[in-house]
Amino acid sequence: MVITLGFEGSANKIGVGIIRDGKVLANVRKTYVTPPGFGFLPKETAEHHREKILGILKEALEVSKVEIKDIDVICYTKGPGMAPPLLTVAIAARTIAQVWNKPILGVNHCIGHIEMGRLITKAKNPTVLYVSGGNTQVIAYSNRKYRIFGETIDIAVGNCLDRFARIIKISNDPSPGYNIEQLAKKGTKYYPLPYSVKGMDISFSGILSEIEKKALPHKANKNRKKKVEDEELPSHEDLCFSLQETIFAMLVEITERAMAHCGSHEVLIVGGVGCNERLQEMMGIMCKERNAKLFATDERFCIDNGIMIAHAGWEMFTTGTRMKWDEATITQRYRTDDVEVTWDVASDE
Amino acid sequence: MSEIAIIKQGAEAKLYKGVWNGNECLVKERFVKNYRLPELDKTLTKSRIKAEQKTIKRCEDQGIKVPKLFHVDFNERKVYMEYFLKAITAKEYIFRLEKSSDNNALDLLCSKIGSIVGKFHVNNIIHGDLTTSNMLINFNDDGYDVIFIDFGLSSYSAGHEDKGVDLYVLERSLISTHSSLPELFEKMLISYKETNTLSTETIKRFEEVRARGRKRTMVG
Ligand SMILES: Nc1ncnc2c1ncn2[C@@H]1O[C@H](COP(=O)(O)OP(=O)(O)O)[C@@H](O)[C@H]1O
Ligand SMILES: [Mg+2]
């Protein structure tokens, strides 16, 4: 029996999770929500995490009913992410581990998402679509690593959505992506947008600038004589609808391309954007059309959380990975394929 | 024309064995993708069939070996083309060579692939999906030809950025698919530089595309 505790805080969520051999004992999380039109900045986000982290830890311990002496290892997100919040959480994790006299383990955030998705859905050896605010990757496992088959060549899909939410100033509560999804449900008219896939790679920056022009034509063309009347402008609902339909079609397409290339029959969607129901629906239809199976999770596990760090840490710890104190640092850029996989991932030929 | 059994389902299309003018051929059907909006599906399918048609013609004009195109049916979303019945994909061929640790054969393959990609680029042909699933190894008495296929994402551009991205896509797919052979891409670049006389600028742009990826922040 191995119990691990995980801290996550690489972006605007701060979470603590406790897990015992695949059984979730606690999963507590708080989000730093900024006003409409504003993104989260490193310093303020770190301050938010600093303020909340001990309260969340206390709550997680209470919910889990675990005694401190039974915890085997303290895990935290080593990267990738924003430096100040990463650092805040790493310092807290190190301090707690010292005080409680426990070993410490830094975990790759992306690996956390994948391993959590596999645990919850029981997907065996899936093609993984990892979609979040900072990452857009199509991943498959081979030869002791999660290999990146496709990736964004500019901005991440979640970043594209978040920035569009700021352009049209919609609420960031609970998340910009969630509110775009709700508006998109009411959209009916499709405005064509650039569609940009490059093999298994993908690009979003052209779409973002095009949709900005559609949403704010005055800003895009300052010399314009005739003012565009408000009723001539595309509605936010239709723009959100058009944006989602375009970028999700692109994501499904590159996932399918990777599946064909790798001969895979399973898809797992992870990361914050992965809880979008329209994306899940589209991916499901694609899977059906090629006799494949879709695996996805809901917001508890899709959106950044402490339990995914605790669980990936569990996989590492139980297969012998240990970290020296002077290695317990952070790194802003830490790629999915930097991590040597020491645990079993389905059929490894 | 008639179609017999479905052979395989690729990244976007279903492939059948068929007959065209009494000859065996391959039918590639870009079937309706119900996951995307019908209007988007229609535009994409049409543009991809067109791209495939145009680029195959361009390659033929430049003496680059590609499947012959017999017939295009936009309504049925089908392309009828030459079927390389005995060919295997470069992906399978590399797996085979990897098992037998045949380094000379790997060098030869890389040289052939690099030289064709160079020919594409010097002629402003962007393949758009350079993976080892989209290269066929067609054995003959003197060895084999490498035949590139799947031009649905191809385009025509003199831009070094487009060519650089094309190389980036190739590199990424080699690293991920053939992870225990990290030297494949560098080997391909040797012959690439020989056939693409304008490669210096393209490679510079390729390195920029790669660097952009490495510098990108990965928050969330
Ligand atoms: N002309 C051909 N002769 C033999 N095999 C082919 C030919 N064209 C395609 N194939 C096989 O079918 C697969 C899918 O075809 P492709 O044109 O790449 O379609 P997709 O866009 O669906 O990937 C290829 O990877 C290859 O194995
Ligand atoms: Mg193909």
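Reminder, nothing fancy here: chain letters follow the sequence lines and each chain counts from 1. As the structure is a prediction and not an experimental result, all values here were calculated from the model.
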Flag side-chain contact, heavy atom, 4.5 Å: Q9(B) against E256(A): yes
Between V165(B), N134(B), I126(B), the one whose heavy-atom pairs under 4.5 Å with chain A are most numerous: V165(B)
Expected output: side-chain E39(B) to main-chain P192(A) donor-acceptor under 3.5 Å: no
Reported OH-to-CG distance for the pair Y195(A) and L40(B), which is rounded to 0.5 angstrom: 6.0 Å
Nearest-0.5 Å distance that lies between atom CD in E12(B) and atom CZ in R290(A): 10.5 Å
Residue F38(A) excluded, over 12 heavy atoms near CZ under 6.0 Å: no
Atom NZ of K185(A) with >12 non-hydrogen neighbours under 6.0 angstrom: yes
Heavy-atom proximity to chain A below 4.5 Å, by part of S180(B): both
Largest heavy-atom contact set with chain A, pairs under 4.5 Å, which of L44(B), T132(B), I175(B), T89(B): L44(B)
Distance (rounded to the nearest 0.5 Å) between S133(B) OG and R257(A) CZ: 10.5 Å
Contacting moiety of T152(A), where chain B heavy atoms sit under 4.5 Å: both
Side chain, backbone, both or neither of F149(A) within contact of chain B (heavy atoms, under 4.5 Å): both
Stepwise side chain to side chain contact (heavy atoms under 4.5 Å, CB included) test for V252(A) and R36(B): CA-CA 9 Å; V252(A) 174; R36(B) 57 193 177 201; over 6 Å; no
Within 6.0 angstrom of K145(A) NZ, more than 12 heavy atoms from elsewhere: yes
Distance in Å, S176(B) OG paired with E151(A) CD, rounded so as to fall on 0.5 Å steps: 10.5 Å
Which atoms of L153(B) approach chain A - backbone, side chain, both or neither, heavy atom under 4.5 Å: side chain
Residue E98(B) excluded, over 12 heavy atoms near CD under 6.0 Å: yes
Within 6.0 Å of CZ in F84(B), more than 12 heavy atoms from elsewhere: yes
Greatest number of heavy atom pairs closer than 4.5 Å to chain B - which of E245(A), M286(A), H261(A), M282(A): H261(A)
Close side-chain approach of K198(A) to V209(B), heavy-atom, < 4.5 Å: no
Atom group of Y146(A) that falls short of 4.5 Å from chain B, counting heavy atoms: neither
Step-by-step side chain to side chain contact (heavy atoms under 4.5 Å, CB included) determination, K14(B) to E289(A): CA-CA 11 Å; K14(B) 284 182 177 142; E289(A) 287 173 347; over 6 Å; no
Region of E253(A) in contact with chain B, defined by heavy-atom distances below 4.5 Å: both
Contact origin within K33(B) toward chain A - heavy atom pairs under 4.5 Å: both
Residue D154(A) versus chain B: region with a heavy atom under 4.5 Å: backbone
